[in-house]
Structure formats: structure tokens, C-alpha cells
Number of protein chains: 2
Amino acid sequence: MSVTTDRLRDLIETTVGELPPLTVELVRDLDIPEHMAIAEVAALTGVTAHTLRYYERIGLVEVARDAAGRRVYDRDAVGRVVFVTRLRDSDMPIAAIQRYVALVKQGPSTEPERLALLEAHRDDILNRLRDLQGALAVVDYKITTYGGACGS
Amino acid sequence: MSVTTDRLRDLIETTVGELPPLTVELVRDLDIPEHMAIAEVAALTGVTAHTLRYYERIGLVEVARDAAGRRVYDRDAVGRVVFVTRLRDSDMPIAAIQRYVALVKQGPSTEPERLALLEAHRDDILNRLRDLQGALAVVDYKITTYGGACGS
DNA sequence: CCTTGCCTTCGAGCGCGCTCGAAGCCCTAC
DNA sequence: GTAGGGCTTCGAGCGCGCTCGAAGGCAAGG
């Protein structure tokens with residue numbers, strides 16, 4: 001495991017400068033092994049093995065098994081994990097991600113609905129960005145004017 | 001209650017153009033009544049009365065009582081509610097806010113620690129902003145290239 | 001007087017997203 | 001052969017931040 005993981009880290013570090021953020025594109029372009037064990041995926045993505053199993057359980061990723069019943073992540077599965085992680089990073093609810101991947105599984109006819117889902121989420125992200133910038137302004141104000149009391 | 005609340009809405013709407021976002025400065029500058037009932041504060045801030053009670057319970061706001069034992073929010077208390085709401089909006093954990101207000105209560109000698117707390121939170125916000133922008137890029141990419149599959 | 005309605009306290013419950021532990025299988029190394 | 005480590009499934013538990021309901025008080029209006 002650690003051999004493969006180290007190889008992955010080397011790959012990434014020689015491809016780009018730093019380890020995170022692990023983008024979807026990076027994973028796609030990377031010379032990632034065709035098959036990875038759960039611990040390798042965990043090390044690569046920063047998602048714990050427990051959480052990877054959970055994601056599979058609730059239908060966010062499909063993962064094949066080897067003869068002994070162990071999970072085998074192929075490149076698609078790893079890409080899916082990274083994609084899901086990105087969506088979670090932006091606070092997309094699990095239920096919405098479930099809906100999205102269910103639509104993907106149902107085939108191309110669901111593309112309009114997927115698109116709508118993504119656009120709705122895009123709006124959520126933009127709202128969140130505005131909230132954060134507002135909060136940042138408040139905190140910055142507090143920091144720069146420290147000593148002034150005002151409602152704190 | 002609704003009379004006062006309507007007056008508040010009018011005040012805000014004539015002061016600025018729209019209702020939210022309710023900033024700390026706005027509240028300070030606003031001609032807000034000296035004393036407000038919990039329902040008024042709820043209507044003004046968008047925080048439910050239940051949550052306002054909860055915030056008081058856990059020490060985020062101190063609120064006086066009238067003769068009948070009902071909460072009376074003065075301007076400071078309203079300002080505090082708005083400030084706390086801002087911090088929560090930026091995902092500052094309740095525990096950190098508790099720590100902060102505890103420091104405020106302890107007097108000016110704690111200002112360095114407060115400042116450190118705020119600066120740490122500022123870093124959190126900046127990280128969060130970067131995450132969100134990364135996720136936004138992914139979602140935007142998905143939206144614009146829709147039809148391309150790739151790890152979705 | 002009695003209803004209406006907002007207020008009070010207290011404690012329990014909930015939804016989300018993990019997170020963990022138990023019990024057991026399989027493979028490798030010694 | 002056996003010890004170790006990593007994997008499996010399953011189901012329960014947890015931490016956070018509310019959220020709610022019950023039971024009752026007080027004040028104003030009809």
C-alpha cells in the first residue's frame with residue numbers, strides 16, 4: 001500500500017507543486033494505477049476508509065470487489081470520490097449528491113435535470129460566497145479596529 | 001409587536017435599499033428602539049425566538065428581563081445577536097463564539113487572545129472561500145461542458 | 001370572568017454526516 | 001502453523017446546532 005501511495009504522491013508532486021487541492025482534472029490526467037485498495041484511495045484523497053465505505057453504502061460511488069471481496073477502486077471510482085468530495089466541500093447536501101448520481105445512473109435523458117441541480121447548487125455556492133465575504137468584512141473590521149467595543 | 005417590527009422594517013428600508021443583509025454597523029446606526037421583545041428581535045434578525053433563547057442559554061447573549069420575567073433586548077443585545085449571527089454564518093463553531101464572548105466579559109486584558117481568535121477565524125474564512133471557489137470551478141466546468149461524462 | 005396570545009422554563013428529540021467498534025475473513029511473513 | 005495486519009459487514013453512537021413540545025404565567029380585549 002505505502003509503496004503505491006508514495007508513488008502517487010510523487011506523481012502528484014512532480015505534476016503540480018503541492019499535494020492538495022486534488023482536482024477532478026488532476027486525477028483524470030494523473031497516471032493513477034488502474035486499481036487501488038481502499039487505504040490507497042484514502043491516502044490519496046484524504047477521505048477516511050470509513051467514510052469511503054459509507055459513501056459506497058449510500059450509493060455515491062460504485063466499487064468493484066476482488067476475489068477475496070475487497071474493494072477495488074478503478075480510475076472512474078477514484079474520480080467519482082474526488083468529485084463527490086468537491087461537492088461536499090461546497091456543502092452540497094448528501095441527499096442532493098445522491099439524487100445527482102442516481103440521475104447519472106439513469107442515463108443521458110436525465111441531463112437536463114442534472115444540469116438544473118448543478119445550477120441550483122451553483123447559486124448556493126454564490127450565496128455562500130457572499131455570506132462569507134460579509135462575515136470576513138465584519139471580522140476584518142473587528143481585527144483592524146480592535147479596542148473599539150461595539151456590540152461584540 | 002408588529003407595529004414596532006414594521007417600523008423597523010421601514011427604518012431599514014429607507015436607510016438602505018433592501019432588508020438583508022443586516023450588518024452590525026447597520027444595526028448600530030439604525031434608530032432601533034431601546035427595548036425590544038424577543039419576537040421583534042426574531043423578526044428583525046431572522047433568528048427564531050427558540051434560537052434566541054438557546055443563544056442566551058449557552059451564554060452568547062445576555063438579555064435583561066422586565067417585571068413579568070419577559071426578555072427585553074436592548075441595543076447592545078441586538079447588536080450582539082447580529083454579531084453572533086454573522087459569525088455563525090461564517091461557520092464559526094458555537095464553542096469558539098462562547099470562548100470569545102467569555103473573553104469579552106473578562107475585560108480588556110483578554111484583547112490579545114480575542115484578536116488571536118478572530119485572526120484564526122479569519123484564516124478559516126479565507127480557506128473556506130478558496131474551497132468554495134474550487135468547488136464553483138468544478139461545478140461551472142460541469143455545467144458548461146455538459147454532456148461530457150468524466151468521473152461524474 | 002374568560003379567552004387569546006405571547007411569553008416563560010425545562011428537557012427531550014432530531015437531522016445531518018460521519019465515526020467507530022465488534023466480529024470475523026484472508027493473505028503474508030516468519 | 002501461527003501471528004499480524006488490513007480488509008469485510010453491520011449496526012450503533014456521536015457531535016453539532018438547533019428545534020420542538022409541554023406546562024404554565026401574565027396582560028390586554030370582549
Side-chain angles (χ1 to χ4, degrees), chain A residues 1-5 35-73 77 81 84-101 121 124 128 131 135, chain B residues 1-6 33 35-73 77 81 84-101 121 124 128 131 135:
Chain A
M1 161 232 149
S2 67
V3 175
T4 310
T5 302
H35 303 299
M36 296 178 72
I38 192 167
E40 295 170 329
V41 178
L44 177 66
T45 62
V47 179
T48 70
H50 274 305
T51 303
L52 287 172
R53 289 187 203 104
Y54 167 68
Y55 282 172
E56 184 186 4
R57 227 159 53 204
I58 64 174
L60 299 192
V61 209
E62 284 183 7
V63 186
R65 301 297 144 108
D66 67 9
R70 275 178 251 121
R71 285 171 180 78
V72 177
Y73 287 77
V81 168
V84 167
T85 303
R86 275 299 193 221
L87 294 182
R88 290 291 308 126
D89 281 350
S90 56
D91 288 330
M92 184 157 169
I94 293 268
I97 307 181
Q98 283 177 315
R99 176 104 192 101
Y100 184 85
V101 303
H121 181 55
D124 289 347
R128 198 82 197 85
D131 282 356
Chain B
M1 162 233 151
S2 68
V3 175
T4 310
T5 302
D6 288 348
H35 303 299
M36 296 179 71
I38 192 167
E40 296 170 328
V41 179
L44 177 66
T45 61
V47 179
T48 70
H50 273 304
T51 302
L52 287 171
R53 289 189 203 102
Y54 167 68
Y55 282 172
E56 184 186 3
R57 230 161 48 207
I58 64 173
L60 299 192
V61 208
E62 284 183 7
V63 186
R65 300 297 144 108
D66 67 10
R70 274 176 253 123
R71 285 172 180 78
V72 178
Y73 287 78
V81 168
V84 167
T85 304
R86 274 298 192 222
L87 295 182
R88 289 292 308 126
D89 281 350
S90 55
D91 288 332
M92 183 156 170
I94 294 267
I97 307 181
Q98 284 177 316
R99 177 102 191 103
Y100 184 85
V101 303
H121 181 55
D124 289 346
R128 199 83 198 83
D131 283 355

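In the text below, chain A, chain B and the rest are named by the order of the sequence lines, each starting its count at 1.
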> Starting from P on D:dC7, measure out to CE on A:Met36 and report it in whole angstrom.
12 Å

> Could you list the residues that satisfy side-chain hydrogen bond (donor to acceptor under 3.5 Å, both in side chains) with B:Arg88, not counting sequence neighbours?
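With sequence neighbours excluded, B:Arg88 shows a side-chain hydrogen bond (donor to acceptor under 3.5 Å, both in side chains) to no residue whatsoever.
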
> Does a salt bridge link A:Glu56 with A:Arg65, judged by any charged N lying under 4.0 Å from a carboxylate O?
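Looking at A:Glu56 and A:Arg65, the cut-off is met.
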
> Using side-chain contact (heavy atoms from CB on, under 4.5 Å) as the criterion, list what pairs up with B:Arg57, not counting sequence neighbours.
B:Tyr54

> Counting primed atoms plus P, OP1 and OP2 as sugar-phosphate and everything else as base, spell out the protein contacts along nucleotides 12-23 of chain C at 4.0 Å heavy-atom distance: B, S or - for each nucleotide, 5' to 3'.
-----SBBBB--

> Who are the side-chain hydrogen bond (donor to acceptor under 3.5 Å, both in side chains) partners of A:Arg99, not counting sequence neighbours?
A:Glu113

> For B:Thr85, enumerate each residue passing the side-chain hydrogen bond (donor to acceptor under 3.5 Å, both in side chains) test, keeping only those at least two apart in sequence or located in another chain.
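side-chain hydrogen bond (donor to acceptor under 3.5 Å, both in side chains) check on B:Thr85 returns nothing, list empty.
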
> How many Å lie between CZ on B:Arg70 and C1' on D:dG25, as a whole number?
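Between C1' of D:dG25 and CZ of B:Arg70: 9 Å.
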
> Check side-chain hydrogen bond (donor to acceptor under 3.5 Å, both in side chains) between A:Glu62 and all other residues, then give those that pass, not counting sequence neighbours.
A:Lys105

> Does D:dT9 have OP1 or OP2 under 4.0 Å away from a side-chain N or O of A:Arg65?
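Answer yes for this pair, as a side-chain N or O of A:Arg65 is under 4.0 Å from OP1 or OP2.
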
> Does D:dT8 have OP1 or OP2 under 4.0 Å away from a side-chain N or O of A:Arg71?
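Affirmative; the distance criterion is met.
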
> Report the distance from atom OH of B:Tyr73 to atom P of C:dC7, rounded to the nearest whole Å.
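Distance, rounded to whole Å: 10 Å.
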
